[in-house]
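All residue numbers in this chain count up from 1 along the given sequence.
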Amino acid sequence: LRYAPLSDDKILQQGLDTLPSVIVTLNSTKTSPVYTAGKELQAGILGVIGESLNITHQTEPAAQSSSILVGTAAAYNAGYGTVDISKFAPDGFWLSIQKGSVKIVGQNERGALYGAFEYLSRISRGNFSDVDLISNPDAPIRWVNQWDNLDGSIERGYAGRSIFFWNGTVVQDLTRVAQYARLLASIRINAIVPNNVNANANSLNNENIEGLGRIADVLRPYGIQVGLSLNFASPQLLGGLSTFDPLEPSVVSWWTEKTALLYKRIPDLAGYLVKANSEGQPGPLTYNRTLADGANLFAKAVKPYGGVVLFRAFVYDHHADWNVWTNDRANAAVQFFKHLDGEFLDNIVVQIKYGAIDFQIREPANPLFANIPKTNKAIELQITQEYLGQQSHFVYIPPLWKEILDFDMRADSKPSLVRDIVAGRRYNNTLGGYAGVVNVGTNTSWLGHHLAMSNLYAYGLLAWDPTLSSEDLLHDWTRLTFGPDPVVLKTVSDISLATLPTYENYSGNLGIQTLTDILYTHFGPNPASQDNNGWGQWTRATATHIGMDRTVKNGTGNAGQYPPEVAAIFENIETTPDDLLLWFHHVPYTHRLKSGKTVIQHFYDAHYEGAKTAQTFPRQWEALRNKVDVERFTEVLFRLTYQAGHSIVWRDSINNFYHNLSRIDDEHGRVGNH
Ligand code: GCU
C-alpha cells in the first residue's frame with residue numbers, strides 16, 4: 001500500500017509500455033468502493049510507475065483498448081461487454097490484463113475494489129504480464145474482531161490504544177480508521193467488529209450508536225461493514241429492565257427496538273457478535289435457556305435487515321474442579337453445542353476458536369468443527385499474539401493456521417478438511433468463514449512489530465483462499481513491504497519461517513500448551529500457573545508424570561469427541577503424533593517418543609535449540625542495515641534482540657521448572673547437577 005516506485009529501469013519500462021492512458025470507473029458516487037478503486041488505481045500507478053492518469057466515469061467502447069476499466073458486473077454488462085455473472089460468488093472479481101487493456105469487474109462493488117488491489121499488488125511487484133482470471137472467495141464471512149474497550153484500552157492489544165474508542169465513546173477523528181479500512185480491503189476483509197467481545201452495554205447507548213454510524217460511514221467506501229459485540233445483559237444494564245431472559249417478551253422487544261435503531265443509522269450493519277456465558281459474561285444459561293435460545297433472539301432481530309449473528313463457541317466453566325481427573329475444558333464446546341445442532345437459525349454462524357482451549361502454540365483442531373453439521377461455522381484465529389509473545393516476540397503464524405485448516409476430521413469416514421467445513425462445503429451450510437482477532441492500535445506499525453503485519457496480510461488472503469501457501473504469502477508481503485532486494489527477501493523469509501518452530505521449541509513442547517503465564521500477564525513463562533486452578537489449561541505435571549489424559553478409556557474422553565477414525569488415532573498413544581502427545585496422554589517424564597528421546601530430554605533439547613535459533617534472528621537481521629530504512633531496521637532489530645534474550649529466559653525457566661519437579665538431569669549436562 002506504500003506504492004513504492006519500481007527501482008528496476010527495465011521493469012519500469014515494461015510498466016510504461018503497457019500502461020493504459022485512462023482509468024474508467026463505472027460509478028461516480030463518492031462513497032462507492034468502485035470510486036475508491038479509481039482513486040487507489042490513480043495513486044498506485046503514480047507511485048509505482050510515476051504516471052498520472054485521469055479518471056473518467058464513462059467511455060466509448062472503442063476507447064477501452066487503452067483504459068483500466070473498473071466496475072460491477074451489472075454496470076459492465078450494461079454497455080461495455082459481457083461477463084458471465086454465474087461464474088461469480090459474492091465479492092468475487094474478474095481481472096483481465098491484455099496488452100495494456102485492463103478490465104476489473106466485480107460481482108459487486110467490493111469485488112471491483114478487490115480486483116483493483118490485486119492489479120496494484122501485481123504491478124507493485126513488477127508483474128506486468130497478461131492475465132485473465134476470476135477470483136472468488138472461499139467463504140462469505142471474512143471478518144476481523146477488535147477487542148477494543150470503550151475507554152480506549154484494548155484487551156490483549158500490544159500496539160497502543162484504540163483507534164476507535166476513547167473515554168466511553170467513539171473518537172472524533174476517524175482518519176486512522178479509514179486507513180485501517182483501506183488496509184483490510186486490500187486483503188479482502190469484509191467486516192469489522194470494533195468493540196470487545198467482553199462487551200460494555202453502553203456500546204448501545206444513543207451516542208455510541210451514532211459513533212458506530214460514523215465508523216460505518218468511514219468503512220463503507222472500502223466495502224467494509226461494521227458489526228457490533230453485544231453484552232447479553234444489556235436490556236437490564238442499559239435498558240433498566242428487571243431481566244435479560246431471552247424468551248421474555250419485554251426483552252425481545254427491547255432488542256428488536258435497539259436493532260431497528262441501529263439499522264436506521266447503519267442500514268448495512270453486518271450484524272452482531274456474541275460472547276455469552278463465558279468467563280463471567282452473562283448469557284441465556286442464567287435463565288435456564290439454551291445457548292440456541294440466546295443466539296436465536298439476535299438472529300430474529302437482525303433477520304429483516306439481512307444481518308447475521310456470530311455466536312461464539314468459547315463457552316466453558318472457568319471454575320472447574322482441578323481435582324476431578326475427568327474434568328476437561330477442552331470438552332466444553334462440544335458439551336455445550338452438540339445437542340443444539342439444528343436449533344440455530346440460518347443467519348447464525350457459530351464462531352469456533354481453532355483449538356479447544358485458547359490460541360495455544362499447538363492444539364489439535366477443535367472437535368466442535370465435526371460435531372455440529374447442521375450449523376453454520378466460522379473459525380476464529382488470533383493475529384494479536386496473546387500467547388505467542390505479544391509481538392515482543394515475532395512469530396509468523398500462518399503455518400499453524402494452515403495445519404488446522406488442512407486437518408482432516410474424517411467425519412463419516414469421508415474427507416472433512418476443516419477449511420471445507422468452515423467454507424460450508426462439507427456439510428452444505430449456507431454461511432461460514434473466518435474471524436480474526438487483530439487488535440491493531442495507534443502504534444504507527446499497527447501491530448507493534450513491523451514483521452507481525454505479515455500475519456495480518458496472510459490472514460485476509462487465507463480467508464479468501466486457504467489453499468495459498470504460507471511461503472508465497474510471506475514472499476509477496478515482503479516484496480510489497482520492503483521491495484525487491486533478494487537479500488531482504490531471503491532474510492525476512494528465513495527469519496519468519498523459523499519463528500513458529502523456534503517459539504514452540506522454547507515455550508511449550510509436545511502439545512503441553514504454551515506454558516505462558518495465564519494468571520497475571522499472559523506474557524513470559526509460568527508453567528506453574530497452568531495447574532491447580534479453575535481455568536482448565538491444565539498440564540497435570542507431577543514429580544513423575546506430565547500431560548492431560550484425554551483418552552476415553554482412562555481420561556477425560558476428549559479424544560472420543562473426534563469422528564471415529566481420528567478418535568482412534570488420538571486414543572492410542574502409539575499413533576498420537578509426538579507433537580500432541582501431552583495434549584492427549586499423561587505419561588512419565590521418561591516416556592520414549594518416536595524420536596527415541598525421553599519426554600524430559602526432548603524438553604531440554606528443544607529449549608536449547610529454540611533459544612539457539614532465536615539468537616540468530618538479530619544477527620540475520622543485521623545484514624539488512626542500509627537495505628531497509630533506518631526506522632524499521634532499528635525497531636525490528638530492537639525487538640528481535642529482545643526476543644533472543646527472552647528466549648533464554650524461557651529456556652531456563654521451563655527447563656529448571658521441570659528439572660525441579662522431576663529431578664531428572666539433562667543428558668548433556670546443561671540442566672541439573674552435573
Ligand atoms: C482469552 C483471553 C481473553 C478473551 C477470551 C475470549 O481467554 O485471554 O482476554 O476475552 O479469550 O476469547 O473471549
Side-chain angles (χ1 to χ4, degrees), residues 316-335 353 355-364 366-367 387 504 507-520 522 524-562 567 569-594 597-604 606-607 650 653-664 671:
Y316 71 100
D317 171 14
H318 67 289
H319 298 293
D321 186 350
W322 189 79
N323 294 307
V324 179
W325 182 251
T326 50
N327 275 353
D328 190 356
R329 168 170 163 187
N331 284 342
V334 171
Q335 282 166 352
K353 288 192 185 185
I357 295 282
D358 199 1
F359 303 131
Q360 299 300 297
I361 183 68
R362 189 173 291 275
E363 297 185 46
N366 197 322
Y387 287 95
E504 183 171 15
S507 62
N509 319 127
L510 305 175
I512 197 62
Q513 304 169 92
T514 314
L515 303 178
T516 303
D517 170 68
I518 62 161
L519 296 180
Y520 311 102
H522 281 232
N526 188 355
S529 70
Q530 317 287 309
D531 288 316
N532 252 312
N533 57 50
W535 287 103
Q537 296 187 208
W538 302 330
T539 70
R540 296 215 178 272
T542 68
T544 53
H545 285 68
I546 184 165
M548 280 289 286
D549 188 336
R550 292 194 158 104
T551 62
V552 176
K553 58 178 173 294
N554 189 45
T556 72
N558 177 260
Q561 288 190 342
Y562 291 85
I569 293 172
F570 293 149
E571 179 74 17
N572 181 346
I573 197 164
E574 297 302 324
T575 48
T576 303
D578 277 349
D579 56 22
L580 286 174
L581 177 76
L582 303 178
W583 185 277
F584 285 109
H585 301 280
H586 186 67
V587 301
Y589 292 104
T590 50
H591 173 85
R592 290 226 175 252
L593 303 170
K594 295 179 181 64
K597 281 185 192 176
T598 61
V599 165
I600 191 73
Q601 193 57 41
H602 180 94
F603 271 30
Y604 296 149
H607 281 84
W650 267 95
S653 312
I654 303 288
N655 281 349
N656 288 333
F657 179 84
Y658 289 110
H659 178 261
N660 287 343
L661 260 182
S662 69
R663 295 280 147 204
I664 301 173
V671 195

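Taking the side chain as every heavy atom from C-beta outward, P527 and I654 approach each other to under 4.5 Å. Contact check for Y387 versus S507: no side-chain heavy atoms found under the 4.5 Å cut-off. With a 4.5 Å cut-off on side-chain heavy atoms, F359 and H522 do not count as touching. Looking at L661 and T542, their side chains never come closer than 4.5 Å, going by heavy atoms from C-beta outward. Side-chain contact between I512 and L510 is absent, with no heavy atoms from C-beta onward closer than 4.5 Å.
Classified by interplanar angle (parallel below 30°, tilted 30° to 60°, perpendicular above 60°), the ring pair Y562/F570 is perpendicular. Using a 30° and 60° split on the angle between ring planes, Y316 and W535 fall in the tilted class, from 30° to 60°. Note: F603 and Y658 have perpendicular aromatic rings, judged against thresholds of 30 and 60 degrees for the angle between ring planes.
If you take CD1 on I361 and OG1 on T514, they are separated by 6.0 Å, rounding to the nearest 0.5 Å. Interatomic distance, N366 CG to K353 NZ, rounded to the nearest 0.5 Å: 10.5 Å. Atom CZ of residue R540 and atom CG of residue N532 lie 9.0 Å apart, to the nearest 0.5 angstrom. Distance check, rounded to the nearest 0.5 Å: NZ of K594 to OG1 of T576 gives 6.5 Å. Remark: N655 CG to W650 CH2 distance equals 12.0 Å, nearest 0.5 Å. Distance check: L515 CG to N509 CG gives 7.5 Å after rounding to the nearest 0.5 Å.
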Would you please test W583 and M548 for side chain to side chain contact (heavy atoms under 4.5 Å, CB included) and show each step? CA-CA 6 Å; W583 185 277; M548 280 289 286; over 6 Å; no
Would R550 and N331 count as a side chain to side chain contact (heavy atoms under 4.5 Å, CB included) if you check the C-alpha gap in whole Å, the side-chain angles of each, and the deciding distance to 0.1 Å? CA-CA 9 Å; R550 292 194 158 104; N331 284 342; over 6 Å; no
Report the C-alpha separation of H591 and L581 in whole Å, then their side-chain angles, then the decisive distance to 0.1 Å, and conclude whether the side chain to side chain contact (heavy atoms under 4.5 Å, CB included) test is met. CA-CA 10 Å; H591 173 85; L581 177 76; 3.8 Å; yes
Begin from the C-alpha positions of I546 and I600 and carry the test side chain to side chain contact (heavy atoms under 4.5 Å, CB included) through to its verdict. CA-CA 10 Å; I546 184 165; I600 191 73; over 6 Å; no
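Side-chain atoms of Q513 do not come within 3.5 Å of backbone N or O of T539 as any donor-acceptor pair. With hydrogens and angles ignored, the 3.5 Å screen pairs a side-chain donor or acceptor of Q360 with a backbone N or O of D358.
Considering all non-hydrogen atoms of both residues, E363 and I357 come closest at OE1-N, 2.8 Å. Among all heavy-atom pairs drawn from S529 and I518, the shortest one is OG-N, 3.1 Å. Counting all heavy atoms, side chain and backbone alike, H602 lies closest to K597 at CA-CD, 4.2 Å. In terms of heavy-atom proximity, T590 sits nearest to T598 at O-CG2, 3.6 Å. Taking both residues in full, the closest heavy atoms of A356 and A330 are given as CB-O, 3.5 Å, listed atom of the first, atom of the second, then distance. Nearest heavy atom pair, residue H545 against residue P588, reads CD2-N, 3.4 Å.
Looking only at atom types and distance, the side chain of D321 has no donor-acceptor partner in the side chain of N327 under 3.5 Å away.
Taking the ring axis of W538 as reference, the NZ or CZ atom of R329 does not stay both within 45° of it and closer than 6.0 Å to the ring centre.
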